[in-house]
Amino acid sequence: MGYTTATADQVCVPETLLKKRKTTEKTDAEKQIAQVESQKQKRHVRNIIFKKADEYIKEYRQKESDEIRLKRQAKSQGNHYVPAQPKLLFVIRIQGINDIHPKVKKVLQLFRLLQINNGVFVRINKATSEMLQIIEPYVTYGPPNLKTVRELIYKRGFLKLNGQRIGISDNQLISENLGKYGIICIEDIIHEIFTLGAHFKQVNQILWPFKLSNPNGHKKVGWKPRKFKHYVEGGDAGDREFDINKLIQSMN
């Protein structure tokens, strides 16, 4: 009596294997749908980011052209154009912890300037102006321009998330933590800081204080021999106005 091999149709497939195949196929299909949706969402967000960046560039250029127009208009009428007082400052700590008065120490802590060469953005108002007067011998400050703000955030920008210092490596991080304020990308952060937007406080608080290097002599900028004298007396402390931009570029 001969033996025959069962055909594929005659072999019964175990029910567990059939269920497993069905589950796998369903999971793969769901993953594929989710991936397509995710790509669509990313494309949509990317388009929004590009549009926002274009709008911000137009806004910055318009502001510059307005300044130039007002200067020319004043000159043509024989007057002097006086620009508005800057409302945004970048403050850098230049002195250590030795022989510091408790009040000065407390103000430095409030500004989050805990180490030498730490820097933060500060909005000028009555309270912050008075606090800057207290810590003036220990810091140098001035109004940053757009280029300085952008370079600082792109090169030295870190977020403070759950007490940890996290690099801004992806717009997704920004969107997850600041999306409720309409801030979804790094250009939004730059715009909010530079223009002192409605959510400046929230954005500034989530930015970790900038850790800068010692000046490298770029553009002949470095610490003076008598560093702790006021800037106008040949030192480095206090308000250096727009010269702060050269110092930041040298330290960035």
Any chance CD of Gln77 has more than 12 other-residue heavy atoms, nucleotides or ligands included, within less than 6.0 Å? yes
With side-chain contact (heavy atoms from CB on, under 4.5 Å) as the criterion, how do Gln73 and Ile68 come out once you've worked through the C-alpha distance, each side chain's angles and the decisive distance to 0.1 Å? CA-CA 9 Å; Gln73 189 178 338; Ile68 293 166; over 6 Å; no
Of all heavy-atom pairs between Phe194 and Val149, which one has the smallest distance, and what is that distance? CD1-CG2, 4.1 Å
Which pair of non-hydrogen atoms, one from His191 and one from Tyr60, has the smallest distance, and what is that distance? CA-OH, 3.3 Å
Closest heavy-atom contact between Pro86 and Pro143? CB-CB, 3.6 Å
Just verifying a value: how many Å separate Glu192 CD and Ile190 CD1, rounded to the nearest 0.5 Å? 12.0 Å
For atom CZ of Arg72, is the number of surrounding heavy atoms from other residues, nucleotides or ligands below 6.0 Å larger than 12? no
Report the distance from atom NE2 of His230 to atom CD of Glu136, rounding to the nearest 0.5 Å. 4.0 Å
Treating Ile, Leu, Val, Met, Phe, Trp and Tyr as nodes and any side-chain heavy-atom pair under 4.5 angstrom as an edge, say whether Leu173 and Ile189 lie in one connected cluster. yes
Is there side-chain contact between Glu37 and Gln41, with heavy atoms separated by less than 4.5 Å? no
Closest non-hydrogen atom pair, Lys224 against Asp236: N-OD2, 2.7 Å
If hydrophobic clusters are built from ILVMFWY residues whose side chains come within less than 4.5 Å, do Phe158 and Ile116 share one? no
Which heavy atom in Asp188 sits nearest to a heavy atom in Gly182, and how many Å separate them? OD2-O, 3.7 Å
Among Arg69, Lys75, Glu67, which one satisfies side-chain hydrogen bond (donor to acceptor under 3.5 Å, both in side chains) with Tyr81? Glu67
In terms of hydrophobic clusters joined by side-chain contacts under 4.5 Å, are Ile183 and Leu196 together? yes
Test salt bridge (Lys or Arg N to Asp or Glu O under 4.0 Å) on Glu233 and Arg226; report intermediate values, then the result. CA-CA 9 Å; Glu233 297 173 345; Arg226 303 302 296 271; over 6 Å; no
Whether over 12 other heavy atoms sit under 6.0 Å from Gln109 CD: yes
Decide whether Ile168 and Ile166 are clustered together by the hydrophobic rule: side chain heavy atoms of Ile, Leu, Val, Met, Phe, Trp, Tyr closer than 4.5 Å, transitively. yes
Any heavy-atom pair between the side chains of Leu152 and Asn252 that's under 4.5 Å? yes
Decide if atom CG of Asp99 counts as having more than 12 heavy atoms of other residues, nucleotides or ligands within a radius under 6.0 Å. no
Hey, could you give me the CG/CD distance between Asp66 and Gln62, rounded to the nearest 0.5 Å? 4.5 Å
Counting only heavy atoms from other residues, nucleotides and ligands, does the tally under 6.0 Å from OH of Tyr154 exceed 12? yes
For Ala74 versus His80, what's the shortest heavy-atom pair and its separation? CB-C, 4.1 Å
Using 0.5 Å steps for rounding, measure from the CZ atom of Arg93 to the OG1 atom of Thr140. 14.0 Å
Rounded to the nearest 0.5 Å, what separation is found between the CZ atom of Arg240 and the CG atom of Asn245? 10.5 Å
Looking at Lys126 and Glu130, is any side-chain nitrogen of the basic one under 4.0 Å from a carboxylate oxygen of the acidic one? yes
Cluster companions of Tyr138 among Ile, Leu, Val, Met, Phe, Trp, Tyr (side-chain spacing under 4.5 Å): Leu89, Val91, Ile100, Val104, Val107, Leu108, Leu110, Phe111, Leu113, Val120, Val122, Ile124, Met131, Leu132, Ile134, Ile135, Val139, Tyr141
Residue pair Lys160 / Arg165, side-chain heavy-atom distance below 4.5 Å: no
Do the non-hydrogen side-chain atoms of Trp208 and Leu159 ever get within less than 4.5 Å of each other? no
Tell me whether Thr27 contacts the main-chain N or O of Thr23 through its side chain, where contact means a donor paired with an acceptor under 3.5 Å. yes
Taking the side chain as every heavy atom from C-beta outward, state whether Glu59 and Glu55 have any pair of such atoms under 4.5 Å apart. no
Do the side chains of Leu88 and Leu146 join up, straight or via other hydrophobic residues, at under 4.5 Å, putting them in one cluster? yes
Could you tell me whether the side chain of Thr148 reaches within less than 4.5 Å of the side chain of Ile244, counting heavy atoms only? no
Taking only residues two or more places apart in sequence, or in another chain, which ones meet Arg156 in a salt bridge (charged side-chain N to carboxylate O under 4.0 Å, His left out)? none
Under the side-chain contact (heavy atoms from CB on, under 4.5 Å) rule, what do Ile193 and Leu207 come out as? Steps first, then yes or no, please. CA-CA 11 Å; Ile193 293 289; Leu207 283 174; 4.2 Å; yes
Could you walk me through whether Phe121 and Phe210 pass the ring pair (Phe, Tyr, Trp, His ring centres under 6.0 Å) test, one step at a time? CA-CA 9 Å; Phe121 293 109; Phe210 295 89; 5.5 Å; yes
Note, Phe200 side chain near Val203 side chain (heavy atom, < 4.5 Å): no
Are side-chain heavy atoms of Val45 and Ser175 found at a separation under 4.5 Å? no
Interatomic spacing from CD1 in Ile184 to CD in Gln172 - rounded to 0.5 Å: 10.0 Å
Looking at Ser250 and Lys246, would you say the former's side chain and the latter's main chain have a donor-acceptor pair under 3.5 Å? no
Step-by-step side-chain contact (heavy atoms from CB on, under 4.5 Å) determination, Asn117 to Met251: CA-CA 9 Å; Asn117 295 346; Met251 298 177 76; 3.5 Å; yes
On the 0 to 90° scale, with breaks at 30° and 60°, tag the His199-Tyr181 ring pair as parallel, tilted or perpendicular. tilted
Walk me through whether Thr128 and Arg123 qualify under side-chain contact (heavy atoms from CB on, under 4.5 Å). CA-CA 7 Å; Thr128 53; Arg123 188 209 303 259; 5.9 Å; no
